[in-house]
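Everything on this sheet refers to the single structure shown next.
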Amino acid sequence: MTKGIFITLEGPEGAGKTTVIDMLLNYYQEKELQIIKTREPGGIPISEKIRNIILDPKHTEMDARTEALLYAAARRQHLVEKVIPALNDGAIVICDRFIDSSLAYQGHARGIDMDEIWEINQFAIGDTMPELTIYFDLDPRVGLARINNTSDREINRLDLEKIEFHEKVQEGYYKVIERFPERIIKVDASKPLEQVLEDTVDIINRFLK
């Protein structure tokens, strides 16, 4: 049995990852490829419940390390219950966020330290890492403006952070890219949606060859 391929999409709030993932699913299903989409935190019932705790706007008192541990816990359950079985079944798994989000958000923006976040998540993920990560690069102010102009998009606790936090998230992602340049490819998410989708498909298709 051929092992599947694990692909993740990363980026700041409002970068358009979720919309593009839905479009990717339709594109590759039409090509009759075995593909599933999922998200973090979430993807399965237990992790979705943890997601609700993390992102609840009322939980403003949450400690940064508590936040990091909850993300890691949700990630572990999601992996063992959904991602790893799908990969073992030979599927292409496209996930909205993974460990790079924790490195950028909790490691850099929260000031915990990327190496500490990496160690926490090594316990959670073992040796499961994406083969390919696509980073949607976007000015944080543009992303937050998109969120505010989208009526059906959930407004979560992270969306309510000050702009300085979101700027640190972007800085964090740039540090993650420097750390894993062989795995992460950047896409300009300020382009029209159709162009972002085309760029993303081109990257994935070249990887799948």
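Numbers for residues simply follow the sequence, beginning at 1. Note that the structure is a prediction, hence the values are computed from the model and not measured.
- Of the listed residues (Lys17, Lys82, Arg75, Arg97), just one forms a salt bridge (Lys or Arg N to Asp or Glu O under 4.0 Å) with Glu40, and that residue is Arg75.
- Heavy-atom minimum distance, Ser101 versus Tyr173: OG-OH, 3.0 Å.
- A salt bridge does not link Lys191 with Asp137: every distance from a Lys NZ or Arg NE/NH1/NH2 to an Asp or Glu carboxylate oxygen is 4.0 Å or more.
- Surrounding CZ of Arg179 are more than 12 heavy atoms belonging to other residues, nucleotides or ligands, all under 6.0 Å away.
- No hydrogens or angles considered: a donor-acceptor pair under 3.5 Å links the side chains of Glu13 and Tyr105.
- A salt bridge is defined here as a Lys NZ or Arg NE, NH1 or NH2 lying under 4.0 Å from an Asp or Glu carboxylate O, and Glu131 with Arg183 fails to meet this definition.
- Proximity of a side-chain donor or acceptor of Ser47 to a complementary backbone N or O of Ala74 within less than 3.5 Å is detected.
- Identified under the salt bridge (charged side-chain N to carboxylate O under 4.0 Å, His left out) test for residues 116-129, with sequence neighbours left out: Arg65-Glu116.
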Any chance you could lay out the side chain to side chain contact (heavy atoms under 4.5 Å, CB included) test for Asp202 and Asn205, step after step, and finish with the verdict?
-> CA-CA 5 Å; Asp202 182 59; Asn205 285 346; 5.7 Å; no

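- Between Arg51 and Glu67 there is no salt bridge, since no side-chain N of the basic residue sits under 4.0 Å from a carboxylate O of the acidic one.
- When all heavy atoms are compared, the tightest approach of Ile92 to Leu33 is CD1-CD1, 4.1 Å.
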Show your working on salt bridge (charged side-chain N to carboxylate O under 4.0 Å, His left out) between Arg39 and Glu48 and close with a plain yes or no.
-> CA-CA 9 Å; Arg39 70 174 183 174; Glu48 287 290 339; 2.8 Å; yes

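- The pair Glu161-Arg110 counts as a salt bridge, with a side-chain nitrogen and a carboxylate oxygen less than 4.0 angstrom apart.
- Between Gln195 and Asp199, the side chains place a donor N or O and an acceptor N or O closer than 3.5 Å (distance only, hydrogens not considered).
- Residue Phe207 is not grouped with residue Tyr135 when hydrophobic side chains (ILVMFWY) are merged at heavy-atom distances under 4.5 angstrom, including chains of intermediate members.
- Taking CD from Glu10 and CD1 from Ile177, the interatomic distance works out to 9.5 Å, rounded to the nearest 0.5 Å.
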Hey, mind stepping through Lys58 and Asp56 against salt bridge (charged side-chain N to carboxylate O under 4.0 Å, His left out) and telling me if it holds?
-> CA-CA 5 Å; Lys58 296 191 295 292; Asp56 190 330; 3.4 Å; yes

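- For the ring pair (Phe, Tyr, Trp, His ring centres under 6.0 Å) condition, the pairs that include at least one residue of residues 52-101, sequence neighbours left out, are Phe6-Phe98.
- Considering only residues two or more places apart in sequence or on other chains, Lys37 meets the salt bridge (Lys or Arg N to Asp or Glu O under 4.0 Å) condition with Asp22.
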